[in-house]
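Reviewing the structure listed below.
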Amino acid sequence: MTNGRNGTSPRSRRVVVIGAGPGGLCTGYKLLEAGFHDFVILDKADGVGGTWRHNQYPGAACDVPSLLYSYSFAMKRDWSRPYAEQPEILEYLESCVERFGLEPHLRLGTAVRSAHWDDECTVWRIITGDGEELVADVVVSGMGMFNELNQPQIPGLDDFPGTLFHSARWRHDHDLTGESVAVIGSAASAVQSVPEIARQARQLHIFQRSPQWVLPKDDTPFTDEELVAFRTDPMAARMRRWEIWRMLEGFITFSNPEALAAAEEAGLANLSVVEDPEVRAKLTPHTPFGCQRPLISNVYYPTYNLPHVELVTDAIAEVRGNTIVTVDGRERTVDTIITATGFQTTRYLSAIEVTGRGGRRIEDAWADGPQAYLGLTTSGFPNLFMLYGPNTNNGSIIFMLECQVAYIMRQLRRLDDEGLAWIDLRPEVMERYNAELQGDLDQVGVWQGGCHGYYRGPTGRIVTQWPHTMFEYRSRTLRPDPEAYEVHRGATLATNALL
Ligand SMILES: Cc1cc2nc3c(=O)[nH]c(=O)nc-3n(C[C@H](O)[C@H](O)[C@H](O)COP(=O)(O)OP(=O)(O)OC[C@H]3O[C@@H](n4cnc5c(N)ncnc54)[C@H](O)[C@@H]3O)c2cc1C
């Protein structure tokens, strides 16, 4: 009997995938392709798309050229512009559900509360938000890195009587027209949303902690001729994708001093449109380019020339009623506060309760910050794979996810082919890998710049970034490493099916 997408035999493992973002959807496609049919994709959201469903603030857009931001096996060639906006990306990801045949496998509106490895039955027990238990042989976590909102700790903020929301939970039911608005934060989400908010608000105050490098982007919408060429000639789009890939590869290791200097020059030229020298000085970064996530926008800096837009760099002391009070004693009364303060990026799987062999909690395994072999597996947690896990953030994440899913599929086939109940990463392999990785991270000069970025965990280790090229990641995830895992033969004791 054959019923995998490529005519492969059906596979027996039950797989729970947490998250229906780009990673979860890619996993679903590849599971079906490899002949695994007994799987569910759970997402706490009511729809698929992950980041691109949750982040609907005005101006939200890709900052990797879009021709590189679609799956290689389902490439979107006709993006309307070089850096597509959120609605177009979400539409693409939603269209993948039907295209990949994932509808029957999706369980939306289902949060995963915990996952426990059962040593006796050698299965994972996954508990959902409403207390249901799912039993699986394998768990793939596609929870993403940008899901736990970071809320600023400001006295009085919770009692603000006006409208308060985080940029990643945009209130479409709230009209900012004619309002006095405060945006707290000046990083990625603020850079994209501030120009749009300024169009509606009567008064806009932007509270900045540290200035960012914001580079210009070449984002002229594609012409009809270009779109026709991309649609009718797959090679034209592939060639453009390849050029983007090469450009990114030359950049993302932040190791080329000329490229770094050129980026800073481009950032300063972009900033030079700000007319008020005092405002321009406050917006000038004092850390090296690359120290934090590089940002791009052609419309952010010009916003500061508008008479109703104010940049505030004094720290906020408290929120008192409708008034934001800064440490210099100045008061600004606002109708709405938007916290563009990003995400708790360093929690990974420890955002939910996870226990592995011997009931060990993942927080304890990660006392020194999250770590995983190739960002994928952590010792003591058998048959548990992570997508976009520790130290895999760099380049086009869709590409990185595809490498991760390919790796996981190889391990799943191995379980079946060799009749294994589980595999577990050897602790010494994880230690060796992470020691080497930390050494490599130390070599990336700009990441040592002491920025308030999201790269470092509470103990100071860089836990989010991949220090090499995407090609290097692909090579390493392709390399066979059967000896890296302790294996256990036999069948599992629990036999329910997921579907
Ligand atoms: C504003 C913004 C812009 C970005 N721009 C780019 C870009 O230009 N290029 C790029 O490469 N990357 C970008 N990224 C990174 C982006 O997150 C990844 O590209 C990609 O979305 C990661 O996919 P994912 O499936 O791993 O995670 P996500 O897209 O984050 O999806 C994770 C899913 O898991 C679900 N989930 C989480 N916890 C649970 C739980 N306990 N139970 C059930 N479901 C759960 C969430 O609801 C979500 O749907 C951006 C991120 C943000 C926030």
Side-chain angles (χ1 to χ4, degrees), residues 16-28 40-57 59-71 79 82-86 89-90 92-94 96 106-115 126-130 134 139-150 166-170 187-193 217 244 248 252 293-296 340 342-345 347-354 375 385-389 392-402 404-405 454 464 466 470:
V16 163
V17 182
I18 310 173
L25 298 180
C26 180
T27 306
V40 286
I41 305 176
L42 311 175
D43 202 299
K44 62 185 176 184
D46 291 331
V48 304
T51 287
W52 303 102
R53 170 161 299 275
H54 291 298
N55 288 269
Q56 299 203 357
Y57 57 80
C62 213
D63 55 17
V64 158
S66 303
L67 276 168
L68 194 56
Y69 200 75
S70 63
Y71 303 116
W79 296 105
Y83 294 89
E85 294 183 347
Q86 172 270 336
I89 304 171
L90 180 59
Y92 163 72
L93 292 169
E94 286 176 336
C96 288
L106 284 177
R107 281 183 60 183
L108 300 170
T110 307
V112 172
R113 201 168 65 199
S114 61
I126 295 104
I127 310 291
T128 67
D130 50 19
L134 301 175
V139 172
V140 178
S141 162
M143 288 167 51
M145 211 178 101
F146 297 98
N147 269 289
E148 300 289 307
L149 305 188
N150 199 26
H166 190 283
S167 59
R169 298 292 179 270
W170 194 261
S189 310
V191 165
Q192 292 189 335
S193 61
K217 59 178 174 178
I244 295 166
L248 263 188
I252 60 176
R293 175 175 162 185
L295 307 175
I296 48 174
F343 306 86
Q344 294 179 34
T345 50
R347 295 191 66 193
Y348 293 101
L349 252 180
S350 63
I352 59 171
E353 195 189 309
V354 178
F385 300 94
M386 281 169 274
L387 300 171
Y388 202 8
T392 61
N393 187 45
N394 211 345
S396 169
I397 299 308
I398 297 251
F399 177 87
M400 301 296 272
L401 288 168
E402 281 194 40
Q404 290 150 16
V405 174
Y454 60 66
T464 61
W466 171 248
M470 294 181 276

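Ligands are counted one by one from 1 in listed order, and the atoms in each one are counted from 1 as well.
- The side-chain heavy atoms of N394 and M470, taken from C-beta on, include no pair separated by under 4.5 Å.
- At least one N/O-N/O distance between H54 and ligand 1 falls below 3.5 Å.
- Atom numbering of ligand 1 starts at 1 in the shown order; those under 4.0 Å from a heavy atom of I352 are 41 (N).
- In terms of protein heavy atoms, atom 32 (C) of ligand 1 is closest to G142 O, 3.2 Å.
- Residue contacts with ligand 1 for Y57 involve side-chain atoms from C-beta outward but no N, CA, C or O (heavy atoms, distance under 4.0 Å).
- Near W52, meaning under 4.0 Å from one of its heavy atoms, ligand 1 places the atoms 3 (C), 4 (C), 5 (N), 6 (C), 21 (O).
- Atoms of ligand 1 lying under 4.0 Å from at least one heavy atom of S396, given by number and element, are 11 (O).
- In terms of modelled atom types and a separation under 3.5 Å, the side chain of T128 and the main chain of V112 share no donor-acceptor contact.
- With respect to atom 11 (O) of ligand 1, the closest heavy atom belonging to the protein is I397 N, 2.8 Å.
- For atom 38 (N) of ligand 1, the closest non-hydrogen atom of the protein is M143 CG, 3.6 Å.
- Counting only heavy atoms from C-beta outward, the side chains of Y92 and S66 never approach each other to under 4.5 Å.
- Protein heavy atom closest to atom 43 (C) of ligand 1, with residue, atom name and distance, is K44 N, 3.2 Å.
- Side-chain contact between I398 and L68 is absent, with no heavy-atom pair separated by less than 4.5 Å.
- In summary, of the residues considered (N393, D63, T345, T464), a side-chain hydrogen bond (donor to acceptor under 3.5 Å, both in side chains) with R293 occurs for D63 alone.
- From L401, atom CG reaches atom SG of C26 across 6.5 Å, with rounding to the nearest 0.5 Å.
- Distances below 4.0 Å separate heavy atoms of G395 from the following atoms of ligand 1: 11 (O).
- The residue among Q86, Q192, R293 with a heavy atom at the shortest distance from atom 3 (C) of ligand 1 is R293.
- Among protein heavy atoms, the minimum distance from atom 52 (C) of ligand 1 is reached at T51 CG2, 3.4 Å.
- Contact atoms of ligand 1 toward V64: 8 (O), 9 (N) (distance under 4.0 Å to a heavy atom of the residue).
- For the pair H54 (side chain) and G49 (backbone), a donor-acceptor distance under 3.5 Å is absent.
- Looking from atom 40 (C) of ligand 1 to the surrounding protein, the closest heavy atom is V112 N, 3.7 Å.
- Residue-level proximity to ligand 1 for D43 is carried by backbone and side chain together, each with a heavy atom below 4.0 angstrom.
- For atom 31 (O) of ligand 1, the nearest non-hydrogen atom from the set P22, C26, G50 comes from G50.
- With contacts defined as side-chain heavy-atom distances shorter than 4.5 Å, the pair P65/Y83 qualifies.
- Those atoms of ligand 1 with a heavy atom of A111 less than 4.0 angstrom away are 42 (N), 43 (C).
- For atom 7 (C) of ligand 1, the nearest protein heavy atom (residue, atom name, distance) is D63 OD1, 3.2 Å.
- Using cut-offs of 30° and 60° on the angle between ring planes, the pair Y388 and F146 is tilted.
- Side-chain N or O atoms of T392 include none that pairs as donor or acceptor with a backbone N or O of G375 at under 3.5 Å.
- Around the CG atom of D46, the shell of radius 6.0 Å holds no more than 12 heavy atoms that belong to other residues, nucleotides or ligands.
- The option with the heavy atom closest to atom 25 (O) of ligand 1, from among G19, G342, G23, is G23.
- Put simply, part of N147 is less than 4.0 Å from ligand 1, judged by heavy atoms.
- The closest donor-acceptor contact from the side chain of T110 to the backbone of L108 lies under 3.5 Å.
- Counting heavy atoms under 4.0 Å from ligand 1, residue R53 does not touch it at all.
- Below 3.5 Å of separation, one finds no N or O of A45 facing any N or O of ligand 1.
- Salt-bridge check for D43 with R53: failed, with every basic side-chain N at 4.0 Å or more from each acidic carboxylate O.
- In terms of protein heavy-atom proximity, atom 19 (O) of ligand 1 is nearest to Y69 OH, 2.5 Å.
- Under the 3.5 Å distance criterion, the side-chain polar atoms of W52 are left unmatched by any main-chain donor or acceptor of I89.
- For the pair M145 and I397, the minimum side-chain heavy-atom distance is 4.5 Å or more.
- Ligand 1 has no N or O atom lying under 3.5 Å from any N or O atom of Y388, backbone or side chain.
- Contacts with ligand 1 closer than 4.0 Å are made by backbone heavy atoms (N, CA, C, O) of T110 only, the side chain lying farther away.
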